[in-house]
K.L.:
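Before anything else, here's the structure in question.
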Amino acid sequence: MIIKNKNLNIIQIADSGQCFRMNRIDEKKYGLVAYDNYIELYQIDRETVEITCSEEEYHQIWKEYFDLDYDYNSIVLHLTNGNDAFLKKAAEYGEGIRILRQEPFEILISFIISQNKNIPSIKCCIERVCEKYGEGKAGYFTFPKPEKLAAATKEDLRKLKLGYRDEYIIKAAQAITNGEINLANLMKCSYEDAAKELKNIRGVGDKVANCISLYGLHHIDAFPVDVWIAKVLKEIYDNRFDVDMYKGYAGIVQQYMFYYMRYLKKV
DNA sequence: TGCCAGGAAGCCG
DNA sequence: CGGCTTCATGGC
């Protein structure tokens with residue numbers, strides 16, 4: 001299955017810190033587990049990606065997962081033609097990034113795990129959780145269902161090296177299974193209301209609530225501020241960045257910032 | 001060894 | 001409210 005899109009670069013997406021189960025196979029080839037399925041993605045050229053799935057599965061799952069009906073090009077153009085020099089370069093550099101529509105529960109748990117960890121370490125923890133509580137398929141494990149994690153004990157999770165986050169995970173999963181939190185409903189309301197509700201979960205503060213809103217509930221207005229974005233806001237904007245200028249797509253702007261700043265600091 | 005990582009909670013003033 | 005500490009773990 002071949003996809004043509006000017007703003008779909010799986011290498012950039014895999015390295016954008018929003019998904020933790022998209023892993024490099026070789027330079028232009030990635031494996032991805034999501035929605036109980038496994039696919040491989042190959043970046044053929046700048047605007048062409050090959051996915052190892054049927055056309056039917058593509059329309060059923062992956063077209064929506066990669067948010068391919070949304071026009072990222074107009075946002076990139078708007079930023080590259082704008083008068084913000086940093087965003088101009090950031091959007092240019094990360095033009096192939098998209099905000100994925102990932103499974104809300106997976107994102108809830110993943111970003112609880114993410115706190116005070118680096119990305120490789122987060123991936124490692126999530127993989128261990130999947131191996132222990134997910135369903136074993138041909139060569140991979142699915143992300144566990146809420147019931148599985150809700151029934152886990154703190155001692156079991158301790159063995160997975162999640163640190164103090166173990167009880168956060170169990171309680172979050174229980175909040176889902178007992179209906180205290182309804183992620184589908186939070187997808188329909190405003191991002192402010194969703195974030196506020198999510199912060200009632202122990203271990204979910206402002207940053208993680210924004211990440212869940214953005215990556216799990218697809219509230220693209222959400223603007224998570226982690227250590228990297230904080231660096232951008234301080235070093236580039238002297239803490240005077242006006243997020244309201246980007247209403248309706250601030251989360252996408254945030255993603256370009258994150259990806260570009262990490263690149264600048266790496267090299 | 002000390003410091004940092006897509007932080008949050010508890011406590012203090 | 002803003003600032004400080006602690007939390008568990010791995011990598012450099």
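All chains are named by letter (A, B, ...) in the order of the sequence lines, taking the proteins before the strands, and each is independently numbered beginning at 1.
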K.L.:
For A:Leu162, which contact category applies under a 4.0 Å heavy-atom criterion: base, sugar-phosphate, or nothing?
P.N.:
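Nothing, no heavy atom under 4.0 Å.
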K.L.:
With hydrophobic residues grouped by side-chain heavy-atom distances under 4.5 Å, do A:Met245 and A:Val243 end up in a single group?
P.N.:
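Linked, A:Met245 and A:Val243 end up in one cluster.
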K.L.:
Whole Å only: how far is the CD atom of A:Gln18 from the P atom of B:dG6?
P.N.:
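From A:Gln18 CD to B:dG6 P: 15 Å.
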K.L.:
B:dC3 C1' sits how many Å from A:Asn118 CG, rounded?
P.N.:
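After rounding, the reported distance stands at 12 Å.
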K.L.:
What one-letter contact string describes nucleotides 8-13 of chain B from 5' to 3', where B marks a base within less than 4.0 Å of any protein heavy atom, S marks contact via sugar-phosphate atoms alone, and - marks no contact?
P.N.:
SSS---
K.L.:
Once you apply a heavy-atom cut-off of 4.0 Å, does A:Arg165 come out as touching a base, just sugar-phosphate, or nothing?
P.N.:
base
K.L.:
Rounded to whole angstroms, how far apart are CE on A:Met261 and P on B:dA5?
P.N.:
12 Å
K.L.:
Looking only at atom P, what distance separates B:dC4 and C:dC4, rounded to whole Å?
P.N.:
15 Å
K.L.:
So, A:Lys63 and A:Asp69, do they make that salt bridge, N to O below 4.0 Å?
P.N.:
yes
K.L.:
Take the angle between the ring planes of A:Phe66 and A:Trp62 and call it parallel below 30°, perpendicular above 60°, tilted in between.
P.N.:
tilted
K.L.:
Counting any heavy atom closer than 4.0 Å, what does A:Tyr215 reach on the DNA or RNA strands: base, sugar-phosphate only, or nothing?
P.N.:
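Base, at least one base heavy atom under 4.0 Å.
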K.L.:
Does A:Lys117 reach a base, just sugar-phosphate, or nothing at all? Heavy atoms under 4.0 Å.
P.N.:
base
K.L.:
Does anyone know the first and last nucleotide of DNA chain C in reach of chain A, 5' to 3', at under 4.0 angstrom to a heavy atom?
P.N.:
C:dC7 to C:dG10
K.L.:
Check DNA chain B against residues 246-260 of chain A and give the residues with a non-hydrogen atom under 4.0 Å, in numerical order.
P.N.:
A:Gln254, A:Gln255, A:Phe258
K.L.:
Any base atoms under 4.0 Å from A:Ser121, or only sugar-phosphate, or nothing? Heavy atoms, all strands.
P.N.:
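Touches nothing.
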K.L.:
Pick base, sugar-phosphate or nothing for A:Ser16, based on heavy-atom distances below 4.0 Å to the nucleic acid.
P.N.:
base
K.L.:
Parallel, tilted or perpendicular: which one describes the rings of A:Phe241 and A:Phe223, with boundaries at 30° and 60°?
P.N.:
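Judged by the thresholds at 30° and 60°, the geometry between A:Phe241 and A:Phe223 is parallel.
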K.L.:
In this structure, how many angstroms lie between the C1' atom of B:dG6 and the CD1 atom of A:Ile97, rounded?
P.N.:
14 Å
